[in-house]
2 protein chains.
Amino acid sequence: MVSIADVAARAGVSPTTVSHALSGKRKVSDRVRARVESAMQELGYVPSRSAQNLAIGRTRVVGLIVPDIRNSFFADLTHGVEAAAIRHGYNVILCTTGFDHAREVDYLAMIRSRAVDGLIYAAGAPPTNSQLGALLGDLPLVLVDEEVPGASAPSFVSDNLAGGRLAAEHLLGLGHRRALVIAADGGLVSSDLRVAGFRECWEASGAEPPLLASGAFTEEGGRAAIGRHPEVGAADGPTAVFAVNDLMALGAIGALQQAGVDVPGRVSVVGFDDIPAGRYAHPRLTTVRQDVDELGRRAALALIAALADEPAERTDQPDRHVLPVSLTVRQSTAAPTTDQGKVVNRG
Amino acid sequence: MVSIADVAARAGVSPTTVSHALSGKRKVSDRVRARVESAMQELGYVPSRSAQNLAIGRTRVVGLIVPDIRNSFFADLTHGVEAAAIRHGYNVILCTTGFDHAREVDYLAMIRSRAVDGLIYAAGAPPTNSQLGALLGDLPLVLVDEEVPGASAPSFVSDNLAGGRLAAEHLLGLGHRRALVIAADGGLVSSDLRVAGFRECWEASGAEPPLLASGAFTEEGGRAAIGRHPEVGAADGPTAVFAVNDLMALGAIGALQQAGVDVPGRVSVVGFDDIPAGRYAHPRLTTVRQDVDELGRRAALALIAALADEPAERTDQPDRHVLPVSLTVRQSTAAPTTDQGKVVNRG
DNA sequence: ATGAAAGCGCTAACAC
DNA sequence: GTGTTAGCGCTTTCAT
């Protein structure tokens, strides 16, 4: 292990000078700099990150907590975070909770030991609300994708309310008047907002209130919700389904098709997220698109900015940043057929 | 920042004793241990990871290099790695190269500065062959998914050769005799082996040698390959396509369908990997399944074991571990139709 | 069973 | 423009 002292000795200068030649934090004469540089070269010197971390009190590493990296939504988010972080000289430690409590505890221990300078938290499960603050201590924190009711940290989320409205408008525009909404279990704010946006818009149109189902945030959750509502696609039953994420929407389509209900012939389905699988599905999924990559990027930049600022700066109001969403119309939605409900003309 | 000295003072013992009470590396009387523990509690003490790292010379962090986390193959791999790592007390720093050279350089700097104890490397691009060793120094390294010709590191890969054979056997068994193989650009060992396995089996059956195309390891790559081979699905043209990964297979199917060629009616397609999108595609994709999660798990365990052993142990022969693959038959393959080539009976 | 003291390798006042 | 020196907070001989 070649240390800064070795380099200093070889170049005939002090360790301080080597340090400054490396960091540029103070002037070093060209002659000396050249000697130092060749000494480093010859010795194959690379500064020890551990020593630097201890000396400066920071690690230039941020933690990213996501429920499951195999979910392509979180993979995209991670991509955005990592790309932004690396551009600013930060590395990211990936922490996937997998909804496992033991793991969360391990992560918290790591976090509290200041192995990371800050944290980006995408809560996938009903988050540890008020506990969060206690567990994290005063570690800089940014929430992304999912807001945590109690927490006083900046958050970056998609416009879930508007997304729900977009889905409702699209379906109403096609002539649908009876809908089933599939929400996520566990009181996730994002799910609640999507449902709220949908209902608000739907009911404002004068259509009858949508049916409500809920389930796990997975394909199986969507499948099961349809199982519990055999009236979907039946005479006088709902002709439209809005699922609060694509996985559930895909599951719903699968269950519908299995029950012999044509999509979109008999029932239209719209999802939320715009994951790759939705583009390959049959029919291709109409969905509300989130710019997940950007969500991750913005969250990372915010955290890094907070880390650079004086800690005092952190008492800023915990602002909530909401990013726009858009509707991507594909083949899983169509006008309802006249034999199963009167088509109503409307704006 | 409460340090070990604070705890020691409060408990009326020396820092040494606090350290040992924490690590259990030597006996501490119950009385003292109790005092130390409550002192830690009251002060909210958490040991500084940076200080520990510097003192013990290790970080308990491993690096994972993958080309792109958004590719679900690598997301699965990452999941396997991370799960195994965390169970053994290691964290993982995610490094996505995105085929960007600047980033690779940043990562190498981090790695050489001993920010990580070891490295798991899934080379997605034509890897930095012989350079690799030089760049990494003597950092413990494990290769996964893709082997690097020069490198003298243990590797964990799927049985690509057998996978290629499986695909060929399946297609031959259905009665196909003319095939197009879509390989990946860039001389990736995995692609070469898959192609080799396929050809070997194909030609051994007496069928005419398959046509060969190649392209990027992406959906677009598969699409373009079909574009360059309009004879696929035409009279006397190939009735089967084997793409060396699912993304390319999906692209090929899309291009075929766009050209009015029915899959599997007129042309059968088999992929490799078994990514989620293949299960949603229409027709659902027949493919060679890799146990990616296990690949990642095994690689992580091997690295961690190497880190625990005496460094001397590392001179072991750089073993190559190959994991079995299996064929998942779905709807993208069928017997060739008689009007486009005589059906031949076989085995 | 417990302590004193010397590092681990770097940074940053504070001198000159 | 360069050097001295004192930490950063922990682990770990070596004593007792």
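Just so we're clear, the structure is a prediction, and the values are computed from it rather than from any experiment. Each chain gets a letter, A, B and so on, in the order its sequence line appears, and its residues count up from 1. Every heavy atom of this structure was used, including side-chain atoms; hydrogens, water molecules and symmetry mates were not.
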Proximity to the side chain of [X] - top-ranked nucleotide from [options]:
X	options	result
A:Val13	D:dG9, D:dT12, D:dG3	D:dG3
A:Tyr45	D:dG9, C:dC10, C:dA12	C:dC10
A:Ser48	D:dT2, C:dG9, D:dG9	C:dG9
A:Gln52	C:dT11, D:dT13, D:dG9	C:dT11

(request) Please report the shortest heavy-atom distance between B:Leu295 and B:Gln290, naming the atom on each side. (result) CD2-OE1, 4.0 Å
(request) Over all heavy atoms of both residues, which pair between A:Arg35 and A:Gly12 is shortest? Give the atoms and the distance, please. (result) NH2-O, 3.9 Å
(request) Could you say whether B:Ser14 or A:Ala55 is positioned toward the 5' end of DNA chain C, judged by the nucleotide with the nearest heavy atom to each? (result) B:Ser14
(message) Taking the nucleotide of DNA chain C with the nearest heavy atom to each, does A:Ile56 or B:Ile56 sit closer to the 5' end?
(response) B:Ile56
Rounded to the nearest Å, what distance is computed from the [atom1] atom of residue [X] to the [atom2] atom of nucleotide [N]?
X	N	atom1	atom2	value
B:Asn53	D:dG9	CG	C1'	11 Å
A:His20	D:dG1	NE2	P	12 Å
B:Leu54	D:dT12	CG	P	12 Å
A:Arg26	C:dA15	CZ	P	14 Å
A:Arg35	D:dG1	CZ	C1'	12 Å
B:Arg58	D:dT11	CZ	P	12 Å
B:Asp30	C:dT2	CG	C1'	15 Å
A:Leu22	D:dT2	CG	P	15 Å

(message) For D:dT11 and B:Lys25 - does any side-chain N or O of the residue sit under 4.0 Å from the phosphate oxygens OP1/OP2?
(response) no
(message) On the nucleotide D:dG9, are OP1 or OP2 found under 4.0 Å from the side-chain N or O atoms that B:Ser3 carries?
(response) no
(request) Using a 4.0 Å heavy-atom cut-off across all strands, classify B:Ser19 as base, sugar-phosphate, or nothing. (result) base
(message) Over all strands shown, is A:Pro47 touching base, sugar-phosphate only, or nothing at heavy-atom distances under 4.0 angstrom?
(response) sugar-phosphate
(request) Give a yes or no on whether the backbone of B:Ala75 and the side-chain of B:Ser72 come within a donor-acceptor separation of less than 3.5 Å. (result) no
(request) Kindly determine whether A:Thr59 and A:Asp117 satisfy side-chain hydrogen bond (donor to acceptor under 3.5 Å, both in side chains), including the steps that lead there. (result) CA-CA 6 Å; A:Thr59 61; A:Asp117 291 345; 3.0 Å; yes
(request) Confirm from the modelled atom types if B:Thr16 and C:dA4 form a donor-acceptor pair under 3.5 Å, side chain to base only. (result) yes
(message) Nearest 0.5 Å, please: how far is OG1 in B:Thr17 from CD1 in B:Ile4?
(response) 9.5 Å
